[in-house]
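Reading through the C-alpha coordinates given below for one structure.
Naming convention: chains lettered A, B, ... in sequence-line order (proteins, then strands); numbering from 1 in each chain. From a predicted model like this one, the values you see are computed outputs, not experimental measurements.
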Amino acid sequence: MKAGPPDMPELPEVETIRRDLEARVLGRHITGVVIAPETGKPVPVLKGIDEASFREGVAGARIEGVERRGKYLALRLDTRLLLIVHLRMTGALLRRTADAPPDRFLRAVLKLDDGSELRFTDIRKFGGLWLAEDYSDVTTALGPEPLSEGFTVEGLTVALAGRKAPVKSIILDQRRIAGIGNIYADEACFAAAIDPRRLGAKVTEAEIEALHAAVREVLLRGVESRGASFRDYQDANGKQGNMQMYVKVFRRTGKPCYTCETPIERVKVGGRSTHFCPTCQR
DNA sequence: CTTATTCCCTGATTGC
DNA sequence: TGCAATCAGGGAATAA
(Lines give C-alpha, C1' and ligand atoms only; values in the text may rest on other atoms or scores of the structure.)
Protein backbone atom coordinates (compact mmCIF):
# COMPACT_ATOMS: atom_id res chain seq x y z
CA MET A 1 0.00 0.00 0.00
CA LYS A 2 1.26 3.43 -0.95
CA ALA A 3 2.29 5.70 1.89
CA GLY A 4 1.08 9.24 2.28
CA PRO A 5 -1.49 11.27 4.16
CA PRO A 6 -4.78 9.59 4.97
CA ASP A 7 -7.56 9.54 2.44
CA MET A 8 -10.97 10.56 3.59
CA PRO A 9 -14.29 8.90 3.04
CA GLU A 10 -16.43 11.00 0.72
CA LEU A 11 -19.74 10.26 -0.97
CA PRO A 12 -18.56 7.26 -3.05
CA GLU A 13 -16.76 5.68 -0.09
CA VAL A 14 -19.71 6.11 2.28
CA GLU A 15 -22.12 4.90 -0.41
CA THR A 16 -20.01 1.78 -0.91
CA ILE A 17 -20.19 1.04 2.81
CA ARG A 18 -23.92 1.73 2.80
CA ARG A 19 -24.55 -0.77 0.02
CA ASP A 20 -22.38 -3.41 1.67
CA LEU A 21 -24.18 -2.99 4.97
CA GLU A 22 -27.65 -2.85 3.46
CA ALA A 23 -27.10 -6.30 2.02
CA ARG A 24 -25.91 -7.71 5.33
CA VAL A 25 -27.59 -6.02 8.29
CA LEU A 26 -31.09 -5.11 7.11
CA GLY A 27 -33.63 -6.59 9.51
CA ARG A 28 -31.05 -7.50 12.14
CA HIS A 29 -31.58 -6.53 15.76
CA ILE A 30 -28.89 -4.70 17.72
CA THR A 31 -28.26 -6.80 20.81
CA GLY A 32 -25.56 -4.78 22.50
CA VAL A 33 -23.14 -1.88 22.47
CA VAL A 34 -19.51 -1.86 23.57
CA ILE A 35 -17.57 1.37 23.87
CA ALA A 36 -13.82 0.81 23.66
CA PRO A 37 -11.61 2.15 26.46
CA GLU A 38 -9.98 5.48 25.64
CA THR A 39 -6.40 5.47 24.39
CA GLY A 40 -4.33 8.62 24.04
CA LYS A 41 -6.28 11.81 24.63
CA PRO A 42 -9.85 11.08 25.72
CA VAL A 43 -12.41 12.03 23.06
CA PRO A 44 -15.95 10.65 23.41
CA VAL A 45 -17.02 8.59 20.38
CA LEU A 46 -20.68 9.17 21.25
CA LYS A 47 -21.72 12.70 20.37
CA GLY A 48 -24.29 14.55 22.44
CA ILE A 49 -25.41 11.50 24.39
CA ASP A 50 -24.10 9.51 27.33
CA GLU A 51 -23.28 5.83 27.05
CA ALA A 52 -26.23 4.59 29.11
CA SER A 53 -28.79 6.57 27.10
CA PHE A 54 -27.22 5.46 23.83
CA ARG A 55 -27.30 1.82 24.89
CA GLU A 56 -30.90 2.12 26.02
CA GLY A 57 -31.81 3.80 22.73
CA VAL A 58 -30.35 1.17 20.40
CA ALA A 59 -30.39 -2.12 22.31
CA GLY A 60 -33.10 -4.41 20.98
CA ALA A 61 -33.86 -2.11 18.04
CA ARG A 62 -34.37 -3.55 14.57
CA ILE A 63 -32.42 -2.07 11.61
CA GLU A 64 -35.04 -1.06 9.06
CA GLY A 65 -32.83 0.86 6.66
CA VAL A 66 -29.24 1.77 5.87
CA GLU A 67 -29.10 5.33 4.58
CA ARG A 68 -26.60 7.90 3.41
CA ARG A 69 -26.91 11.68 3.38
CA GLY A 70 -23.82 13.45 2.11
CA LYS A 71 -20.96 11.85 4.00
CA TYR A 72 -23.23 10.76 6.85
CA LEU A 73 -24.25 7.10 7.14
CA ALA A 74 -27.29 6.12 9.21
CA LEU A 75 -29.02 3.02 10.45
CA ARG A 76 -32.75 3.68 10.56
CA LEU A 77 -34.14 1.90 13.60
CA ASP A 78 -37.68 0.67 14.19
CA THR A 79 -37.80 3.07 17.13
CA ARG A 80 -37.88 5.89 14.55
CA LEU A 81 -34.43 6.99 15.64
CA LEU A 82 -31.39 7.27 13.38
CA LEU A 83 -28.06 5.87 14.50
CA ILE A 84 -25.90 8.30 12.56
CA VAL A 85 -22.21 7.72 11.80
CA HIS A 86 -19.65 10.14 10.38
CA LEU A 87 -16.24 8.71 9.47
CA ARG A 88 -14.57 12.10 9.02
CA MET A 89 -10.95 11.42 8.09
CA THR A 90 -9.92 7.98 9.25
CA GLY A 91 -13.11 6.28 10.42
CA ALA A 92 -14.20 2.84 9.22
CA LEU A 93 -17.33 0.81 9.83
CA LEU A 94 -16.42 -2.86 9.58
CA ARG A 95 -18.72 -5.83 9.58
CA ARG A 96 -16.95 -8.63 11.40
CA THR A 97 -17.83 -11.99 12.88
CA ALA A 98 -17.74 -11.91 16.66
CA ASP A 99 -14.68 -14.17 16.74
CA ALA A 100 -12.70 -12.04 14.26
CA PRO A 101 -9.31 -10.78 15.51
CA PRO A 102 -9.33 -7.45 17.34
CA ASP A 103 -9.21 -4.30 15.19
CA ARG A 104 -6.74 -1.52 15.93
CA PHE A 105 -8.11 1.91 16.79
CA LEU A 106 -11.44 0.41 17.84
CA ARG A 107 -13.85 2.97 19.26
CA ALA A 108 -17.25 1.26 19.43
CA VAL A 109 -18.98 -2.03 18.61
CA LEU A 110 -22.61 -2.76 17.77
CA LYS A 111 -23.44 -6.42 18.35
CA LEU A 112 -26.10 -7.94 16.09
CA ASP A 113 -28.46 -10.87 16.58
CA ASP A 114 -26.83 -13.02 13.88
CA GLY A 115 -23.56 -13.10 15.80
CA SER A 116 -21.90 -10.45 13.66
CA GLU A 117 -20.59 -7.08 14.80
CA LEU A 118 -20.31 -3.60 13.37
CA ARG A 119 -17.00 -2.21 14.52
CA PHE A 120 -16.33 1.52 14.35
CA THR A 121 -12.59 2.25 14.19
CA ASP A 122 -11.00 5.69 13.92
CA ILE A 123 -7.30 6.54 14.14
CA ARG A 124 -7.74 10.29 14.54
CA LYS A 125 -10.94 10.31 16.56
CA PHE A 126 -12.62 12.98 14.42
CA GLY A 127 -15.56 10.73 13.66
CA GLY A 128 -18.42 9.72 15.90
CA LEU A 129 -21.85 8.24 16.49
CA TRP A 130 -25.09 10.08 17.15
CA LEU A 131 -28.60 8.97 18.03
CA ALA A 132 -31.11 11.43 16.64
CA GLU A 133 -34.48 11.86 15.03
CA ASP A 134 -33.07 13.57 11.95
CA TYR A 135 -29.83 14.59 10.25
CA SER A 136 -30.62 18.21 11.02
CA ASP A 137 -30.13 17.39 14.71
CA VAL A 138 -26.45 16.64 14.14
CA THR A 139 -25.37 18.81 11.23
CA THR A 140 -25.96 22.13 9.51
CA ALA A 141 -28.39 22.04 6.58
CA LEU A 142 -27.00 19.87 3.80
CA GLY A 143 -27.23 20.76 0.12
CA PRO A 144 -28.72 18.45 -2.53
CA GLU A 145 -27.43 14.97 -3.21
CA PRO A 146 -25.25 15.37 -6.33
CA LEU A 147 -26.38 12.03 -7.77
CA SER A 148 -30.06 12.86 -7.33
CA GLU A 149 -32.35 14.97 -9.48
CA GLY A 150 -32.21 17.62 -6.79
CA PHE A 151 -28.77 18.62 -8.04
CA THR A 152 -29.35 20.86 -11.03
CA VAL A 153 -27.43 23.25 -13.25
CA GLU A 154 -29.76 25.98 -11.99
CA GLY A 155 -28.96 25.19 -8.37
CA LEU A 156 -25.25 25.13 -9.06
CA THR A 157 -25.58 28.47 -10.86
CA VAL A 158 -27.16 29.99 -7.75
CA ALA A 159 -24.45 28.48 -5.54
CA LEU A 160 -21.72 30.12 -7.63
CA ALA A 161 -23.44 33.40 -8.48
CA GLY A 162 -21.69 36.48 -7.16
CA ARG A 163 -19.44 34.47 -4.91
CA LYS A 164 -15.88 35.56 -4.21
CA ALA A 165 -14.86 32.17 -2.85
CA PRO A 166 -12.85 29.80 -5.07
CA VAL A 167 -14.97 27.36 -7.05
CA LYS A 168 -13.34 24.44 -5.26
CA SER A 169 -14.28 25.84 -1.85
CA ILE A 170 -17.88 26.25 -3.02
CA ILE A 171 -18.31 22.66 -4.21
CA LEU A 172 -16.65 21.44 -0.98
CA ASP A 173 -19.23 23.36 1.06
CA GLN A 174 -21.68 20.71 2.32
CA ARG A 175 -24.44 23.32 2.52
CA ARG A 176 -24.22 23.81 -1.28
CA ILE A 177 -23.73 20.18 -2.36
CA ALA A 178 -23.58 17.25 0.02
CA GLY A 179 -20.84 14.64 -0.13
CA ILE A 180 -17.91 16.11 -2.07
CA GLY A 181 -14.50 16.05 -0.36
CA ASN A 182 -10.98 16.89 -1.39
CA ILE A 183 -10.40 14.04 -3.86
CA TYR A 184 -13.57 14.46 -5.90
CA ALA A 185 -13.44 18.27 -5.76
CA ASP A 186 -10.03 18.26 -7.47
CA GLU A 187 -11.12 15.59 -9.95
CA ALA A 188 -14.33 17.46 -10.79
CA CYS A 189 -12.47 20.72 -11.44
CA PHE A 190 -10.08 18.87 -13.76
CA ALA A 191 -12.91 17.11 -15.61
CA ALA A 192 -14.59 20.50 -16.10
CA ALA A 193 -11.28 22.15 -17.15
CA ILE A 194 -11.72 24.86 -14.50
CA ASP A 195 -8.90 26.22 -12.34
CA PRO A 196 -10.00 25.36 -8.79
CA ARG A 197 -8.82 28.79 -7.57
CA ARG A 198 -11.17 30.67 -9.90
CA LEU A 199 -13.81 32.70 -8.07
CA GLY A 200 -17.35 31.36 -8.23
CA ALA A 201 -18.62 34.57 -9.83
CA LYS A 202 -16.14 34.16 -12.69
CA VAL A 203 -17.40 30.77 -13.85
CA THR A 204 -19.30 31.01 -17.12
CA GLU A 205 -22.65 29.46 -17.93
CA ALA A 206 -21.07 26.85 -20.19
CA GLU A 207 -18.51 26.02 -17.51
CA ILE A 208 -21.20 25.60 -14.87
CA GLU A 209 -22.85 23.01 -17.10
CA ALA A 210 -19.52 21.26 -17.51
CA LEU A 211 -18.90 21.37 -13.76
CA HIS A 212 -22.35 19.96 -13.02
CA ALA A 213 -21.68 17.05 -15.37
CA ALA A 214 -18.14 16.62 -14.03
CA VAL A 215 -19.27 16.37 -10.40
CA ARG A 216 -21.71 13.62 -11.30
CA GLU A 217 -19.20 11.85 -13.54
CA VAL A 218 -16.38 11.66 -10.98
CA LEU A 219 -18.71 10.64 -8.15
CA LEU A 220 -20.33 7.93 -10.29
CA ARG A 221 -16.92 6.61 -11.25
CA GLY A 222 -15.98 6.66 -7.57
CA VAL A 223 -19.02 4.59 -6.64
CA GLU A 224 -18.37 2.16 -9.52
CA SER A 225 -14.77 1.82 -8.29
CA ARG A 226 -15.92 1.20 -4.70
CA GLY A 227 -14.13 4.32 -3.49
CA ALA A 228 -10.54 5.52 -3.36
CA SER A 229 -7.98 3.89 -1.05
CA PHE A 230 -4.79 5.92 -1.03
CA ARG A 231 -4.08 4.65 2.46
CA ASP A 232 -6.73 4.18 5.13
CA TYR A 233 -10.08 3.82 3.44
CA GLN A 234 -11.69 0.38 3.59
CA ASP A 235 -15.22 -0.77 2.93
CA ALA A 236 -17.50 -2.60 5.37
CA ASN A 237 -15.70 -5.84 4.53
CA GLY A 238 -12.26 -4.35 5.18
CA LYS A 239 -11.46 -4.24 1.44
CA GLN A 240 -9.84 -1.36 -0.44
CA GLY A 241 -11.40 0.61 -3.27
CA ASN A 242 -9.94 1.14 -6.75
CA MET A 243 -10.67 4.79 -7.55
CA GLN A 244 -7.09 5.83 -6.69
CA MET A 245 -6.05 4.12 -9.93
CA TYR A 246 -8.28 6.37 -12.01
CA VAL A 247 -7.63 9.82 -10.53
CA LYS A 248 -6.27 12.35 -12.99
CA VAL A 249 -4.82 14.97 -10.64
CA PHE A 250 -5.30 14.12 -6.95
CA ARG A 251 -1.87 13.50 -5.36
CA ARG A 252 -0.21 13.41 -8.78
CA THR A 253 1.95 16.48 -7.98
CA GLY A 254 4.85 16.75 -10.46
CA LYS A 255 3.59 13.91 -12.62
CA PRO A 256 2.61 14.60 -16.24
CA CYS A 257 -0.99 15.47 -17.01
CA TYR A 258 -2.56 12.57 -18.92
CA THR A 259 -3.92 15.04 -21.46
CA CYS A 260 -1.05 17.48 -22.10
CA GLU A 261 1.93 16.16 -20.09
CA THR A 262 2.31 19.42 -18.11
CA PRO A 263 3.39 18.56 -14.55
CA ILE A 264 0.47 18.57 -12.12
CA GLU A 265 0.77 21.41 -9.60
CA ARG A 266 -0.16 21.48 -5.94
CA VAL A 267 -1.38 24.62 -4.16
CA LYS A 268 -3.50 25.47 -1.11
CA VAL A 269 -7.09 26.49 -1.69
CA GLY A 270 -9.16 27.29 1.38
CA GLY A 271 -6.52 25.58 3.48
CA ARG A 272 -6.80 22.32 1.54
CA SER A 273 -4.21 20.65 -0.69
CA THR A 274 -5.31 21.20 -4.24
CA HIS A 275 -4.02 19.48 -7.38
CA PHE A 276 -4.57 20.71 -10.91
CA CYS A 277 -3.13 20.95 -14.42
CA PRO A 278 -2.11 24.58 -15.10
CA THR A 279 -2.47 24.02 -18.85
CA CYS A 280 -5.79 22.18 -19.04
CA GLN A 281 -7.50 24.10 -16.26
CA ARG A 282 -8.14 27.79 -16.66
C1' DC B 1 -25.63 36.83 4.55
C1' DT B 2 -20.28 36.37 3.31
C1' DT B 3 -15.08 34.79 3.63
C1' DA B 4 -11.02 33.49 6.35
C1' DT B 5 -8.90 31.25 10.25
C1' DT B 6 -8.33 28.00 14.11
C1' DC B 7 -8.96 23.80 16.22
C1' DC B 8 -9.33 18.87 17.01
C1' DC B 9 -6.08 14.18 16.65
C1' DT B 10 -2.21 10.96 15.60
C1' DG B 11 0.61 8.17 12.11
C1' DA B 12 3.77 9.15 8.53
C1' DT B 13 7.14 11.97 6.85
C1' DT B 14 10.69 15.44 6.96
C1' DG B 15 14.55 17.93 8.93
C1' DC B 16 18.52 18.45 11.64
C1' DT C 1 20.73 6.73 14.16
C1' DG C 2 17.17 9.41 16.96
C1' DC C 3 13.94 12.63 18.13
C1' DA C 4 11.27 16.82 17.39
C1' DA C 5 8.73 19.43 14.17
C1' DT C 6 5.55 19.35 10.46
C1' DC C 7 1.76 17.74 7.77
C1' DA C 8 -2.84 15.87 6.39
C1' DG C 9 -7.97 17.29 6.63
C1' DG C 10 -14.10 17.44 7.63
C1' DG C 11 -16.62 20.21 9.79
C1' DA C 12 -17.69 23.11 13.80
C1' DA C 13 -16.69 27.31 15.97
C1' DT C 14 -15.11 31.80 15.82
C1' DA C 15 -13.75 36.21 13.93
C1' DA C 16 -14.34 40.03 11.04
Side-chain angles (χ1 to χ4, degrees), chain A residues 1-15 17 36-48 68-74 84-93 103-108 120-130 132 135-143 146 158-188 196-202 219 222 227-234 244 247 249-254 266-275:
Chain A
M1 191 165 16
K2 193 172 168 182
D7 36 83
M8 42 290 165
E10 308 180 24
L11 186 154
E13 290 73 27
V14 179
E15 177 63 19
I17 295 170
E38 290 284 358
T39 57
K41 293 190 182 178
V43 178
V45 64
L46 303 181
K47 308 297 184 185
R68 181 190 57 74
R69 182 77 176 91
K71 302 175 196 172
Y72 290 84
L73 185 78
I84 299 177
V85 182
H86 200 300
L87 305 174
R88 290 285 179 98
M89 293 201 54
T90 56
L93 196 59
D103 284 285
R104 295 184 73 193
F105 313 111
L106 184 73
R107 303 229 63 206
F120 178 67
T121 65
D122 190 8
I123 298 171
R124 296 202 186 164
K125 303 181 180 176
F126 283 8
L129 311 179
W130 293 257
Y135 299 94
S136 59
D137 297 331
V138 311
T139 184
T140 53
L142 294 169
V158 170
L160 293 165
R163 301 285 304 280
K164 288 178 175 158
V167 60
K168 177 181 177 182
S169 299
I170 295 170
I171 64 173
L172 274 177
D173 185 342
Q174 304 300 298
R175 296 168 304 177
R176 312 283 170 187
I177 312 170
I180 299 175
N182 215 28
I183 299 173
Y184 298 93
D186 281 1
E187 293 300 310
R197 300 167 296 185
R198 183 122 58 93
L199 305 189
K202 301 276 191 182
L219 291 175
S229 296
F230 287 91
R231 200 180 75 192
D232 297 308
Y233 168 71
Q234 46 189 330
Q244 69 281 3
V247 298
V249 290
F250 188 75
R251 286 199 193 146
R252 293 197 65 248
T253 312
R266 189 177 101 152
V267 295
K268 288 275 184 190
V269 176
R272 298 290 179 251
S273 294
T274 299
H275 314 75

Check: Y184(A) ring centre within less than 6.0 Å of F250(A) ring centre: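 Aromatic pair excluded; centres sit 6.0 Å or further apart.
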
Between atom [atom1] in [X] and atom [atom2] in [N], what is the gap in whole Å?
{"X": "L73(A)", "N": "dG11(C)", "atom1": "CG", "atom2": "P", "result": "14 Å"}
{"X": "M8(A)", "N": "dG9(C)", "atom1": "CE", "atom2": "P", "result": "6 Å"}
{"X": "R251(A)", "N": "dA12(B)", "atom1": "CZ", "atom2": "P", "result": "14 Å"}
{"X": "D232(A)", "N": "dG9(C)", "atom1": "CG", "atom2": "P", "result": "12 Å"}
{"X": "M89(A)", "N": "dG11(C)", "atom1": "CE", "atom2": "P", "result": "11 Å"}
{"X": "R231(A)", "N": "dG11(B)", "atom1": "CZ", "atom2": "C1'", "result": "6 Å"}
{"X": "R107(A)", "N": "dC9(B)", "atom1": "CZ", "atom2": "P", "result": "10 Å"}
{"X": "K125(A)", "N": "dG10(C)", "atom1": "NZ", "atom2": "C1'", "result": "18 Å"}

Can you check whether [X] has a side-chain N or O nearer than 4.0 Å to OP1 or OP2 of [N]?
{"X": "K41(A)", "N": "dT10(B)", "value": "no"}
{"X": "T139(A)", "N": "dA12(C)", "value": "yes"}
{"X": "H86(A)", "N": "dG10(C)", "value": "no"}

Taking [Y]'s backbone N and O only, do any of them form a donor-acceptor pair with [X]'s side chain (distance below 3.5 Å, no angle check)?
{"X": "E10(A)", "Y": "I183(A)", "answer": "yes"}
{"X": "R198(A)", "Y": "K202(A)", "answer": "yes"}
{"X": "R163(A)", "Y": "A159(A)", "answer": "yes"}
{"X": "E13(A)", "Y": "G227(A)", "answer": "no"}
{"X": "K71(A)", "Y": "Q174(A)", "answer": "no"}

Sugar-phosphate only, base, or nothing, as touched by E10(A) at under 4.0 Å among non-hydrogen atoms: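 If one applies the 4.0 Å heavy-atom cut-off, E10(A) turns out to touch nothing in the nucleic acid.
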
Touch class at under 4.0 angstrom, heavy-atom based, for T39(A) against every strand present: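 Since only primed, P, OP1 and OP2 atoms lie under 4.0 Å of T39(A), the category is sugar-phosphate.
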
Position toward the 5' end of DNA chain C (nearest nucleotide), N182(A) or T140(A):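 Its nearest nucleotide being more 5', the pick is N182(A).
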
Please produce a list of atom pairs where a protein N or O lies less than 3.5 Å from an N or O of nucleotides 4-7 of chain C.
none

Salt-bridge contact R88(A)-D122(A) (side-chain N to carboxylate O under 4.0 Å):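 Salt bridge flag = no for D122(A) with R88(A).
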
Ion pair E38(A)/R107(A), N-O distance below 4.0 Å: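 Yes, this pair counts.
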
Per-nucleotide protein contact string for nucleotides 2-8 of chain B, where B marks a base within reach and S marks sugar-phosphate only (heavy atoms under 4.0 Å, - for neither): SS----B

Residue of the set T90(A), D232(A), N182(A) for which side-chain contact (heavy atoms from CB on, under 4.5 Å) holds with M8(A):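 Of T90(A), D232(A), N182(A), side-chain contact (heavy atoms from CB on, under 4.5 Å) with M8(A) is met by N182(A) alone.
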
